[in-house]
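If you scroll down you'll find the structure; I have some questions about it.
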Amino acid sequence: MTISSDRSPAVDVQAPKSYEIRTYGCQMNVHDSERLSGLLEEAGYVRAPEGTGEGEADIVVFNTCAVRENADNRLYGNLGRLAPIKARRPGMQIAVGGCLAQKDRDTIVNKAPWVDVVFGTHNIGSLPVLLERARVQEEAQVEIAESLEAFPSTLPTRRESAYAAWVSISVGCNNTCTFCIVPALRGKEKDRRPGDILAEVETLVAEGVTEITLLGQNVNAYGSDIGDREAFSKLLRACGKVEGLERVRFTSPHPRDFTDDVIAAMAETENVMPQLHMPLQSGSDTVLKAMRRSYRQERYLGIIEKVRAAMPDAAISTDIIVGFPGETEEDFEQTLHVVREARFAQAFTFQYSKRPGTPAAEMDGQVPKAVVQERYERLVALQEEISWEENKKQVGRMLEVLVAEGEGRKDDATRRLSGRAPDNRLVHFARPEEPVRPGDVVTVDITYAAPHHLLAEGPARGVRRTRAGDAWERRNAPGEKKPAGVMLGLPTVGAPPPQPAAPTAGCGCD
């Protein structure tokens, strides 16, 4: 579908064009943005330098989220700020993709006619062609595919990290949670073949990556599309046999599909980290039923108990929604009960807000904002207390920390470095005397704990220089061009990646 609108004049096709991508939402969007970068660079665009001012890039791409509260207001606010800049800059282009684009389609160009391209979640590979078509035809290009055109991992990818990578194992979701619009926007679950996944993992490791995060809307449902209920646990064990791969993580699972064979694979596979992000959403059976979550409190706590029995030191995090329609004070107390019993290392908490197009938006019993706020504050206070208590148990422990890039915002001021422990806790540590690079591993003694981080104030016990650190050094050498391996399509030979951050709530729908 094509919508006519006044376009900026075309520019000289020989002039180098820079691009900027602004990403909102879950890990899926972060990884999709890596693919969009890869596609644009393969088409001849160059990434705008760090510190480029607003509107200075030739191409600005918004990779949107339809789940976050006020996502549309945020998008149109940003688009509005770019309108006068675009009017002054002939040839500048703006593209909008992602879940909000999939949902709103024509609305975006109607509200912001200066947008050049709108594309959906199923056809991100079309972006370069749509940009060129908009430039030549001087009118907006709106193209929304209704189903997946090609598995995204076949597209070129510009990985954001030299030492850690997302690896997508599936796209889409088969669940029907009443608060979530993602299945309607990303479609039914489609699994990648195990051989393709492992080929990509091996390619990444060959380029220096030492940590990978298996990514899917519901990772432990992996195999439903290929008829193997134990496919995910088999995949974890297969990752354990990849030489040079030191850390394996995954996000996000669903309690319905979390089976004993996955717990066993986690506990018995040395490079699968003792960390689990297990969305709860609510501790009330009544609310879980209204959410169409196919498990109940007893089932959820049973999973946590089994995980702790198999991996006593595992750090478990979760997602929780407060104020779902019909939630009573008794329902909320059940959520607090689960939080006390599960003792999460971290919880990503959300106040329920209506999402147009979801069944929950039309439900009776919408909880007043003031009540939701008060419950939310109680939940956050309880979880802060538990997080701090759980982190204090780490004091005195010796941990191997994978040095990260950009994790510690105050590192320069404090002369510290930051990184992730095996269980994904954030650790700030005193800068060793010897050179340390992102991707290297530093062994430290934990001396202090805060609710959201650990601190190692003494000298490091040791520094292990790694292939991942070598890869980071090569990528960041002065005057060096990005290595060809960064452009990863369907795995052949070569490629580096993004740094998985602390487990995040993703779309909040798992």
Side-chain angles (χ1 to χ4, degrees), residues 26-28 31 121-122 147-155 165-177 180 182-183 186-205 212-243 245 247-279 292-295 299-300 302-304 306-307 310-311 314 490-492 500 503 506-507 509-510:
C26 67
Q27 298 98 327
M28 285 292 202
H31 195 23
T121 59
H122 298 309
S147 59
L148 196 65
E149 294 182 346
F151 201 92
S153 291
T154 64
L155 301 174
W166 306 111
V167 174
S168 181
I169 69 171
S170 64
V171 294
C173 181
N174 293 335
N175 294 319
T176 57
C177 301
C180 183
V182 167
R186 289 199 176 262
K188 292 294 186 181
E189 180 176 328
K190 184 172 180 59
D191 296 334
R192 274 178 90 185
R193 291 178 50 232
D196 290 343
I197 297 169
L198 291 171
E200 182 174 356
V201 170
E202 290 167 353
T203 298
L204 291 166
V205 172
I212 62 107
T213 300
L214 303 175
L215 184 63
Q217 217 73 54
N218 179 9
V219 287
N220 58 316
Y222 176 74
S224 60
D225 189 43
I226 56 179
D228 185 353
R229 295 283 297 174
E230 295 188 354
F232 186 61
S233 62
K234 292 175 182 176
L235 182 60
L236 290 177
R237 292 184 187 276
C239 287
K241 297 176 183 178
V242 177
E243 186 175 353
L245 179 58
R247 296 186 174 194
V248 177
R249 307 185 191 279
F250 58 87
T251 193
S252 290
H254 191 294
R256 181 194 67 184
D257 302 302
F258 204 78
T259 50
D260 291 350
D261 61 296
V262 173
I263 297 173
M266 292 177 66
E268 296 166 10
T269 308
E270 186 175 354
N271 62 359
V272 175
M273 294 294 96
Q275 173 226 335
L276 176 65
H277 185 70
M278 178 67 74
R292 284 194 207 141
R293 303 287 287 180
S294 48
Y295 57 88
R299 157 77 172 155
Y300 186 92
I303 292 171
I304 302 300
K306 288 180 179 180
V307 170
M311 295 171 288
L490 189 62
T492 51
C507 65
C509 65
D510 298 307

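Excluded from the calculations below are hydrogen atoms, water molecules and symmetry mates; all remaining heavy atoms, backbone and side chain alike, are included.
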query = Hey, is the main chain of Met273 close enough, under 3.5 Å, to the side chain of Arg249 for a donor-acceptor pair?
reply =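 A pair under 3.5 Å: no.
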ask   = Taking Asp191 for the side chain and Tyr222 for the main chain, is one N or O donor matched with an acceptor at less than 3.5 Å?
value =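 Checked: no pair found.
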message = If I take atom CG from residue Asp261 and atom CD from residue Glu230, how far apart are they, to the nearest 0.5 angstrom?
response =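 So the CG of Asp261 and the CD of Glu230 are separated by 4.5 Å.
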request  = Compare every heavy atom of Phe232 with every heavy atom of Val219, then report the nearest pair and how far apart it is.
outcome  =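 Answer, listing the atom of Val219 first, then Phe232: O-CD1, 3.6 Å.
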Check against side-chain contact (heavy atoms from CB on, under 4.5 Å), Leu215 and Thr251 = CA-CA 5 Å; Leu215 184 63; Thr251 193; 3.9 Å; yes
task = Mind checking side chain to side chain donor-acceptor pair (under 3.5 Å) for Asn271 and listing every partner two or more places apart, or none if nothing turns up?
result =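 Asn271: no side chain to side chain donor-acceptor pair (under 3.5 Å) contacts found.
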Atom of Tyr295, atom of Pro279 and distance for their closest heavy-atom approach =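 Nearest heavy atoms, Tyr295 then Pro279: OH-O, 3.7 Å.
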inquiry  = So which atom in Arg299 and which in Pro255 form the shortest heavy-atom distance, rounded to 0.1 Å?
reply    =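 Closest approach of Arg299 to Pro255: NH2-O, 2.7 Å.
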Contact summary for Ile197 and Ser168, nearest pair of heavy atoms =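 Heavy atoms only, the tightest pair is CG1-O, 4.3 Å.
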message = If I compare all heavy atoms of Asp257 with all of Arg229, which pair ends up nearest, and what's the gap?
response =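 Scanning both residues completely, I find the closest heavy atoms to be OD1-NH1, 4.4 Å.
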message = Treating Ser224 as the side-chain partner and Ala221 as the backbone partner, does any N or O pair qualify as donor plus acceptor under 3.5 Å?
response =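 At least one qualifying donor-acceptor pair exists.
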task = Could you tell me which residues satisfy side chain to side chain donor-acceptor pair (under 3.5 Å) with Asp260, sequence neighbours excluded, listed by chain and number?
result =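 Once residues adjacent in sequence are excluded, the partners of Asp260 under the side chain to side chain donor-acceptor pair (under 3.5 Å) criterion are Lys306.
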message = I need the Gln217 CD to Ser252 OG distance, nearest 0.5 Å.
response =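 The distance works out to 8.5 Å.
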ask   = Can you name the nearest heavy-atom pair linking Phe258 to Ile303, along with the distance?
value =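 That closest heavy-atom pairing would be CD2-CG2, 3.5 Å.
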Check against side-chain contact (heavy atoms from CB on, under 4.5 Å), Leu235 and Ile169 = CA-CA 10 Å; Leu235 182 60; Ile169 69 171; 3.9 Å; yes
query = About how many Å separate NZ of Lys190 and SG of Cys173, when rounded to the nearest 0.5 Å?
reply =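 If we round to the nearest 0.5 Å, Cys173:SG and Lys190:NZ are 15.5 Å apart.
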request  = Apply the test side chain to side chain donor-acceptor pair (under 3.5 Å) to residues Arg256 and Asn175: give CA-CA distance (whole Å), side-chain angles for both, the deciding distance (0.1 Å), then the verdict.
outcome  = CA-CA 10 Å; Arg256 181 194 67 184; Asn175 294 319; 2.9 Å; yes
message = Could you tell me if the side chain of Leu276 sits less than 4.5 Å from the side chain of Pro253, heavy atoms only?
response =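 Yes, their side chains come closer than 4.5 Å.
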request  = With rounding to the nearest 0.5 Å, note down the distance linking CG in Leu214 to CG in Leu236.
outcome  =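 The distance works out to 6.5 Å.
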inquiry  = So does Thr259 get a backbone contact from the side chain of Asn220, meaning a donor-acceptor N/O pair under 3.5 Å?
reply    =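 The answer is no, because no donor-acceptor pair under 3.5 Å joins these two groups.
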key: Within-4.5 Å side-chain heavy-atom neighbours: Glu202 and Glu243   =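 Glu202 does not reach Glu243 side chain to side chain.
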request  = Mind checking side-chain contact (heavy atoms from CB on, under 4.5 Å) for Ala238 and listing every partner two or more places apart, or none if nothing turns up?
outcome  =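 side-chain contact (heavy atoms from CB on, under 4.5 Å) check on Ala238 returns Leu198.
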ask   = Do His277 and Phe250 have ring centres separated by under 6.0 Å?
value =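 No, too far apart.
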query = Atom OG1 in Thr213, atom CZ in Arg247: separation rounded to 0.5 Å?
reply =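 Between Thr213 OG1 and Arg247 CZ, I get 11.0 Å after rounding to 0.5 Å.
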message = For the backbone of Lys188 and the side chain of Asn174, can you confirm whether one donor and one acceptor N or O come within less than 3.5 Å of each other?
response =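 Side chain of Asn174 to backbone of Lys188, a donor-acceptor pair under 3.5 Å: no, none is there.
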